[in-house]
Structures are given as structure tokens and as C-alpha cells.
Amino acid sequence: MSVLKPIILRADGKEAGLALLTVEERLGSDVMKVELPPGAQSPLVRSLDLYDASSSAQSNDQGGGGMLLCLVSAEAMREREVQRALDFAVASECAAVVTKLSDEGARSVIEAKILNAGLASVALHPDVGWREFDGLLTTTLGEHAQSLTLAPSVGDKLFALANTVARVFGGSVAIEDHQRSILAHSSVSGQAIDELRTTGILFRRAGDAPVNEDRYRRVFEAEGPVRFIRYGDYLPRVAIAVRAGTIPLGSIWALDPQADTEAEGAALAEAKTQVLEQAATMAAGTLLEAWKATNRSTSRRESALRRVLIAAAQQGDREALDPTGEAAGVILVAEVAAGPRSAGRIAEARGVFARHLAMYIPNVVVSAEANEIIALCPTERVDEVRGWALEALADLSADTASGLRVGVSDPHTITTRLPFAVNEARDVAKHSRDVAEPVGTVAGVRTQLFLAACRAQLDLDDRLMLPEVRELLDAGEGRQQLIETFIEWLAAAGNVGRAAEQLRVHEQTVRYRLRRLRELLPLEGARPDYLLALWSQLRCAR
């Protein structure tokens, strides 16, 4: 990866943005390669956004000029979907369209379409992640950026606020939204900075220090600034929540290197308290506008998801979830254990899952109902969704994670199969603990799903139950050891030694129980299909 060259920030008040070819030069051709349409000049780059299919049905009111539009799933898009994206990019006056394709032929075809549309094409190296590219671009643009978010611009005011606070504290300052994305950071000469802050700025995300969850909880519970002592190589910090009334919009974090020289428990200097409180008040207005713009769309889609799942869809609900009418997605269901603190666990789990999934899946919808979190993930990559869910679990408190069951469905058509997908994910979550998986998938619990379906069918039609099985079950606990022995013996393909090992009894005990079973069941010369029915019915009953 190329080392970033020093950037001279413009302070002459001229139009924001860096030329696309300049961005390429600074990041290096091993990160991105730019192709301009014939005769075109290098456009200015101000921001980055991920293409959202639903946005093509809306007017662009976000000032899209200078935006790099990323087609994160270009290889999976149909020809007409690619064209819709390019039409949107042209209408939004985007600077360029970014794709990442390992297949040379597919890359050439899409690049030609982009250039024919009169847009610049940016080919991202296959080994560069989208999140990494976002971080590199953010660092490169600095104050040239129109926005540091993948949503509406929060303006340059936040940069100025961060610099103002940094001059008082003498350390780097970061302003974050409620999902811990870094919206702006200070660039004051000589400011103290540590590795955690450097990594956060690079990847546009708050760092993952082990103490983070407790620290964020304390910040959002407090009314004013909260001080944190040095943690290993991480400098002391002071943080304050940014709120609009009771709504948490984000937070401001300032490194406080002078705290190392102060007595333990010393109060924060009045000047530092005052500048943080004023910055939080000023940032609230800017963040509230961005929050309102994104929350209106998010709330509408959450409501649409709930109505579709209870068969009460209104006009436009299905289009809100899938404008194309053809997309597939997977459903993630997380069931939180009921109890006196279940409301708090639901809120924590919903926030953590929403934060993690939104980083990777454009257009994800997360809703909480009763003791469930339901996430609609417009993607067909089941294993990757499972991996992202595992990352989210690692961020949960032990109390919440201990009672959580999570299941991921197979891909299903969003507009017609959502209720089925949710029920499938519920079933997977129910059986995930049976196979000791914190996040289950259909592939991982297929055997358990089969047995559950058999059990459900037996409940619906008791004529299917073998009489000898019913007799064994009706005999009570006295026959339970015989049933367990029979199941393990069949599972061991008739090997008495292995069955005894699983049951933790002597081999002679297994042989004795098998003799008893032969008196109750017609096992001699039994056909394989009879043994299968016998095993499955006893296994279902267990």
C-alpha cells in the first residue's frame, strides 16, 4: 500500500475538493486507477457515497456534485441495474463511479459503460476493502471534503469545532455520530495523538479498545464531560455526549495529555469544560439536521418492514424495501432472553447490530419488536452476514450476549418471501444452541430443521407414528434409557463400543438394553427404511 504524501490544506476559501487525478497520485496506482472520458478534465472530488438502489427513485437533494459513487456489488448487478446507477450518477453530477472487480472482462465491460455515460471511472484494487478506501479517501481529502459521512453532509463546521477544542486541550479531537463513525477530526499543528485515534481517523471509525463499551455507556449516561485515565499506550481522554433533548446524536472525544501530570481525581479545568460544552451545543444542530434527513428514510423503511411481516403492507411498502422488485436478501433474527432487564438488552443489541451491519450492507433495515431484533440485509452472502453478526456479538455486554440466540436465513426474494425468511431465521436461531453456534445458518442446522419438521408433521398427523414407538413413549421414564441406547447405537452404525462410550456405560450394559429392545421392537431383519422411521420418530420425541 502506498504511503500517503503530506497534504497542504487550502485556506483561501475557494471551492472545496481535490482533483480526481490528484487523489490517484496521492493514494497510488496500487490502490486506484482512474480513466477519464475522452477530452474530459479531472473532476473535483469532495465526498464518497455507496450506491443505494432506492435513491435512484428519489430526487438528489444532497448536493451530489463531486461525489465518488461506489458500486460495491457491481459484479452481481444486472445490466439494467448498472444503467440505473449510472443514470443516477449523471443526474447527481458525481465526479466518478468506483468499482472493484477481479474479473478483467467484467471490469472492461462496466468501465466502458461508465465512460460512455460521460463519467470518470475509478477501478479499485481487488485487495483494497471498501471501508479501507473510505478511510484513505477521508484522510486524503481532509478539510477539502464536503463531508466525512456516507450520508448527508454535516458541513465544515464540525472540522472548525474539532480544531477549536484541540487548541484548548492540546490533543487530537474527534467528533462522532451515534454509530461511532468519525465525522470530523482536528488538524492542529503539534497536537498530541495516539495509535487508537490515528487508526480511527484512517478508517473513519472509533477504535476498538477493550474499555470502549464501558466508556461509551458512561459518556451517554452523564450530563457533562467525563474524564478517562491513560489506558496502556492510549492517552487520557475527555468525552461529552452530543444530544438534542434526550436523543443521543453523537459524542466529542478530546485527548488530554496534560492529565498525566495532574493529581488523580483532579477536576477538569473550567476552560476545558466550557469549550467541550459549547462544542457539544453547536455540534448538536448540525448533527440533528443530518440525523433527521437519514432518520426519515430509515423510519419509513422500518415501518414498511413491520407491516410486510404482519401481512398489512400499504401501497409503496414493498417498493421502499426493494425498488427493483427483483432483489434477494437474507434475514437476521436475534432473540433476546426475556427477563426484568430485557428492554435494556433489546436496545443494546439493536444498536450494536445496526451499527455493524450498516458498515457493510447498504440499505440494511433493522427493527426491534417484542424480544426480537429483525434485520433485512439486501445481500445473498449468508456467510458474510454471519461473520458480521459475530463481530457484533463481540461488542455486546456479557449479560446481553449470554441470553442471545441468532439465526440467519437463506437468501429469499425481498418483496414476496420476507415472512418466510423471518420464520426460517427464527427456526435457525432456535436450533443454533443445539450445535453450539452463536450465529446459526440453515446449512449449519439443517439436520435439526429436518427433525423439527418431522416432529411438526407427527403432531399434525398422529397416524404417522409407529405403534411400537408410541408404546415406548407412553411407558414413561422407565423406557428412557432404552430409547437413548437405541438412538446412540444406530448413530454409531451398530458399533456397541462407540455407543457405550457416548452413553458412558459398560458395553455389557448396551448389549443388555439391546436385548430388551429386541423384545419390544421387531429389529431382527428390519428394513433400512423401517429403522430410519423408528430412529427419526424416537429422535424427534427426545
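- In this structure, Ser172 OG and Arg237 CZ are separated by 8.5 Å, a value rounded to the nearest 0.5 Å.
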Let me see the working for Val308 and Arg318 under side-chain contact (heavy atoms from CB on, under 4.5 Å), right down to the final yes or no. CA-CA 7 Å; Val308 168; Arg318 299 184 188 280; 3.7 Å; yes
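- In this structure the side chain of Glu35 reaches within 4.5 angstrom of the side chain of Leu115, judged on heavy atoms.
- Atom CG of Asn163 is separated from atom CG of Leu158 by 11.0 Å, given to the nearest 0.5 angstrom.
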Go through the steps for Val242 and Ile252 under the test side-chain contact (heavy atoms from CB on, under 4.5 Å), then give the verdict. CA-CA 7 Å; Val242 179; Ile252 301 175; 3.8 Å; yes
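- Checked options Val173, Val275, Val188; the residue passing with Thr164 is Val275 (criterion: side-chain contact (heavy atoms from CB on, under 4.5 Å)).
- Leu119 CG to Cys94 SG: the interatomic distance, rounded to the nearest 0.5 Å, is 7.5 Å.
- For Arg386 and Glu437, the salt-bridge test passes: some basic side-chain N is under 4.0 Å from an acidic carboxylate O.
- The minimum heavy-atom distance between Leu321 and Leu305, with the atom names listed, is CD1-CA, 4.0 Å.
- Side-chain atoms of Asp322 do not come within 3.5 Å of backbone N or O of Thr415 as any donor-acceptor pair.
- Remark: side-chain polar atoms of Thr22 are not paired, donor with acceptor, to backbone N or O of Leu18 under 3.5 angstrom.
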Evaluate the side-chain contact (heavy atoms from CB on, under 4.5 Å) criterion for residues Leu418 and His412: first the C-alpha distance (whole Å), next the side-chain angles of each, then the deciding distance (0.1 Å), finally the verdict. CA-CA 7 Å; Leu418 273 189; His412 296 281; over 6 Å; no
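- Shown here for Leu44 and Ala19, the closest heavy-atom pair between the two residues is CD2-N, 3.8 Å.
- Between Phe169 and Trp253, the ring centre distance reaches or exceeds 6.0 Å.
- A distance of 10.5 Å separates OG in Ser92 from CG in Asp87, rounded to the nearest 0.5 Å.
- Looking at Lys100 and His125, their side chains never come closer than 4.5 Å, going by heavy atoms from C-beta outward.
- Counting only distance, with no hydrogens or angles, the side chain of Thr441 and the backbone of Gly444 share a donor-acceptor pair below 3.5 Å.
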Passes side-chain contact (heavy atoms from CB on, under 4.5 Å), Val408 versus Val428? Steps please. CA-CA 7 Å; Val408 180; Val428 171; 5.9 Å; no
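- Taking every heavy atom of both residues into account, Ala241 and Val219 meet most closely at N-CG1, 3.7 Å.
- Evaluated for a side-chain contact (heavy atoms from CB on, under 4.5 Å) with Val442, the options Val382, Val330, Asp427, Asp410 yield exactly one hit, Asp410.
- Salt bridge annotation for Arg306-Asp317: absent, with no cationic side-chain nitrogen under 4.0 angstrom from a carboxylate oxygen.
- Looking at Ser121, its side chain never comes within 3.5 Å of a backbone N or O of Glu111 through a donor-acceptor pair.
- Remark: side-chain polar atoms of Arg405 are not paired, donor with acceptor, to backbone N or O of Glu335 under 3.5 angstrom.
- Looking only at distances, no side-chain donor or acceptor of Asp49 sits under 3.5 Å from a matching main-chain atom of Leu69.
- With hydrogens and angles ignored, the 3.5 Å screen pairs a side-chain donor or acceptor of Asn371 with a backbone N or O of Val336.
- Checked by atom type, the side-chain pair Ser186/Gln191 shows a donor-acceptor distance below 3.5 Å.
- Residues Glu176 and Tyr216 form a side-chain contact, since some pair of their non-hydrogen atoms from C-beta on lies under 4.5 Å apart.
- How far SG of Cys70 is from CG of Leu48: 4.0 Å, rounded to the nearest 0.5 Å.
- Between Leu390 and Pro438 the shortest side-chain heavy-atom distance falls below 4.5 Å.
- Heavy atoms only, all atoms of each residue included: Ser409 and Ala421 are closest at CB-O, 3.4 Å.
- Side-chain contact between Val122 and Thr99 is absent, with no heavy atoms from C-beta onward closer than 4.5 Å.
- When atom types are taken as modelled, the side chain of Ser432 and the backbone of Gly407 share no donor-acceptor pair closer than 3.5 angstrom.
- Residues Ala375 and Leu357 share a closest heavy-atom pair of CB-CD1, 3.8 Å.
- Heavy atoms only, all atoms of each residue included: Ala192 and Leu255 are closest at O-CD1, 3.6 Å.
- The shortest distance between side-chain heavy atoms of Val406 and Phe353 falls below 4.5 Å.
- Rounding to the nearest 0.5 Å places CD1 of Ile193 at 8.5 Å from NE2 of His185.
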Stepwise, does the salt bridge (charged side-chain N to carboxylate O under 4.0 Å, His left out) test hold for Arg350 with Glu302? CA-CA 13 Å; Arg350 184 193 185 285; Glu302 284 184 23; 2.5 Å; yes
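- The shortest distance between side-chain heavy atoms of Ile374 and Arg426 falls below 4.5 Å.
- Residues Glu24 and Ser29 bring no donor and acceptor atom of their side chains to less than 3.5 Å of each other.
- Residues Arg215 and Phe220 form no side-chain contact, since every pair of their non-hydrogen atoms from C-beta on lies 4.5 Å or further apart.
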